[in-house]
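The model shown is predicted, which means the values in this text are computed figures rather than measured ones. Atoms within each ligand, like the ligands themselves, are counted from 1 in listed order.
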Amino acid sequence: MSNGKFGIGILGLGTYVPDKVLSNYDLEKMVDTSDEWISKRTGISERRILDKDIPAFEMGAIAAKRAIEDAGLTAEDIDLIIVATETPDYLTPSSSCTIQNIIGAKRAAAFDMNAACSGFMYGITVAKQFLENGFCGYKNILVIGCEALSKAVDYEDRATCILFGDGAGAMVIGKVEEGYGILTSHLGADGGEGHNITLPCFTMKEEDKNIREHDNKRVLWMNGSEVFKFAVRVMEKSTLKVLEDKNLTIDDVSLIVPHQANIRIIEGAIKRLNIKREKVFSNLHKYGNTSSASIPIALDEAVKEGMVKKGDNIVMVGFGGGLTWGAVLIKWSK
Ligand code: UT7
């Protein structure tokens, strides 16, 4: 960076998942399902559940503190906080403002954004623009994916309740050595297919003509098989797009960190991309689908397990409600 040129990359990572475990065997007692069905069809064995009376932002604040510490910074070094969430405790104040207060990031601006399970890919990409543009001299941006899906899931609907868990992942993004860090991003959306994953807001009224029966329950609803097909397709498409942008091929990739939704989606993408299984990270069996938190939690684990070294090309790729998708290509800088 001595020549004034720099990259924008990851300075620190932090995660938090609640202690309480909800296993497939627990779910067998709640809905008509089995450990065998869930394991075979999804790859999930258990997920973490936040206590009902604890707000989701508390998970985000812990993950944030860990990421700031990992970056060797203090909360007062943070210029902006972006929280990606589809399960905020409040629409206002935003989770980002509440977390700003808890961690004491007094100088930071703060806003929430929602791109469902792709939220973290959108968040990183937005953060990168601020840093590249030199907006207000920003140096360090905290991006957090924070979800308490257990508060939105219908524990009478076996098609969805088996999939989701709670957790938070955070990342501090800032200047790194030139040629390293976030090399490129690709984002996409298809609002025409949005009806396939829904989570209504309180502002939807029962008397609204267009409200669907399941939306009246104000729960997370999903057309699983449609989303499944879409997910395999866009995981391949967005991964190839970021590689093409930088004239790289799948052989140049050291690790793919995909959104953790279903092991069969991950396996489908592995086959289409023709990449070795050991180059694709998965911790789905432990946490289920934690939406916008799944990719930062997975990346943090991959780093802690020693799967990442300086110079590695890493693709993070997400998909989900909206429908949305996104991929970020990083050259690891630490
Ligand atoms: O992060 C957001 C993105 N979300 C996703 O990526 C999720 C994408 N979708 C999926 O992961 C899968 O579609 C599911 C796991 C949700 C469902 O798996 P599937 O292989 O697509 O099953 P299906 O919906 O086609 O259902 C097959 C059968 C049905 O029974 P019939 O009609 O064949 O008699 C379902 O009623 O499995 C039944 N079923 C279950 N059986 C036992 C559905 N859920 C369960 C269950 N336990 N929990």
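- Close contacts of ligand 1 with C117, meaning ligand atoms under 4.0 Å from a residue heavy atom, involve 1 (O), 2 (C).
- In summary, the side chains of N140 and R107 do not present any donor paired with an acceptor at a separation below 3.5 Å, with no hydrogens or angles considered.
- Residue-ligand proximity, A261 to ligand 1, at heavy-atom distances under 4.0 Å covers atoms 5 (C), 6 (O).
- Scanning R41, H259, K229 for the heavy atom closest to atom 26 (O) of ligand 1 points to R41.
- Within ligand 1, counting atoms from 1 as listed, the ones closer than 4.0 Å to a heavy atom of T33 are 42 (C), 46 (C), 47 (N), 48 (N).
- Under the 4.0 Å distance rule, the nearest protein heavy atom to atom 36 (O) of ligand 1 falls inside the cut-off.
- Applying the 4.0 Å criterion to heavy atoms of T42 picks out, from ligand 1, the atoms 15 (C).
- Interatomic distance, Y16 OH to R66 CZ, rounded to the nearest 0.5 Å: 7.5 Å.
- In the candidate list G224, S294, G320, G322, G224 is nearest to atom 13 (O) of ligand 1, counting heavy atoms.
- Under the 4.0 Å distance rule, the nearest protein heavy atom to atom 18 (O) of ligand 1 falls inside the cut-off.
- Here the heavy atom of the protein found nearest to atom 29 (C) of ligand 1 is R158 NH2, 4.8 Å.
- Heavy-atom proximity to F319, at under 4.0 Å, picks out these atoms of ligand 1: 6 (O).
- Counting atoms of ligand 1 from 1 in the listed order, those under 4.0 Å from a heavy atom of R264 are 18 (O), 19 (P), 20 (O).
- M222 SD, 3.3 Å is the protein heavy atom nearest to atom 4 (N) of ligand 1.
- K331 and D252 are not joined by a salt bridge, as no carboxylate oxygen comes within less than 4.0 angstrom of a charged side-chain nitrogen.
- Using a 4.5 Å heavy-atom threshold, the side chains of I141 and I82 count as touching.
- Looking only at atom types and distance, the side chain of D112 has a donor-acceptor partner in the side chain of S96 under 3.5 Å away.
- For atom 44 (N) of ligand 1, a protein non-hydrogen atom is found at a distance below 4.0 Å.
- Salt bridge K286/E46: absent, no basic N to carboxylate O contact under 4.0 Å.
- Side chain to side chain, S23 and D26 meet the donor-acceptor criterion of an N or O pair below 3.5 Å.
- For the residue pair S45 and H285, no side-chain donor N or O sits within less than 3.5 Å of a side-chain acceptor on the partner.
- Closest protein heavy atom to atom 1 (O) of ligand 1: N289 ND2, 2.6 Å.
- Proximity to I265 (heavy-atom distance under 4.0 Å) selects the following atoms of ligand 1: 6 (O), 8 (C).
- Considering both main-chain and side-chain atoms, I38 never comes within under 3.5 Å of ligand 1 through any nitrogen or oxygen pair.
- Counting only heavy atoms, the protein never gets under 4.0 Å from atom 32 (O) of ligand 1.
- Set against the non-hydrogen atoms of A159, the atoms of ligand 1 under 4.0 Å away are 16 (C), 44 (N).
- We find that E132 and K128 are joined by a salt bridge, their nearest charged nitrogen and carboxylate oxygen being less than 4.0 Å apart.
- For the 3.5 Å distance criterion, the side chains of E86 and S291 qualify, holding a donor opposite an acceptor.
- For atom 5 (C) of ligand 1, the nearest protein heavy atom (residue, atom name, distance) is V227 CG1, 3.7 Å.
- The nearest protein atom to atom 39 (N) of ligand 1, hydrogens excluded, is given as W37 CZ2, 3.4 Å; this is a heavy-atom distance.
- Looking at I162, T160, T324, N262 and measuring to atom 12 (C) of ligand 1, the nearest heavy atom belongs to N262.
- E28 and S34 are not linked by any side-chain donor-acceptor pair at a separation below 3.5 angstrom, with hydrogens and angles left out of the test.
- Using cut-offs of 30° and 60° for the angle between ring planes, the F130 and F135 rings count as perpendicular.
- Taking a cutoff of 4.0 Å between a charged side-chain nitrogen and a carboxylate oxygen, R233 and E236 do not qualify as a salt bridge.
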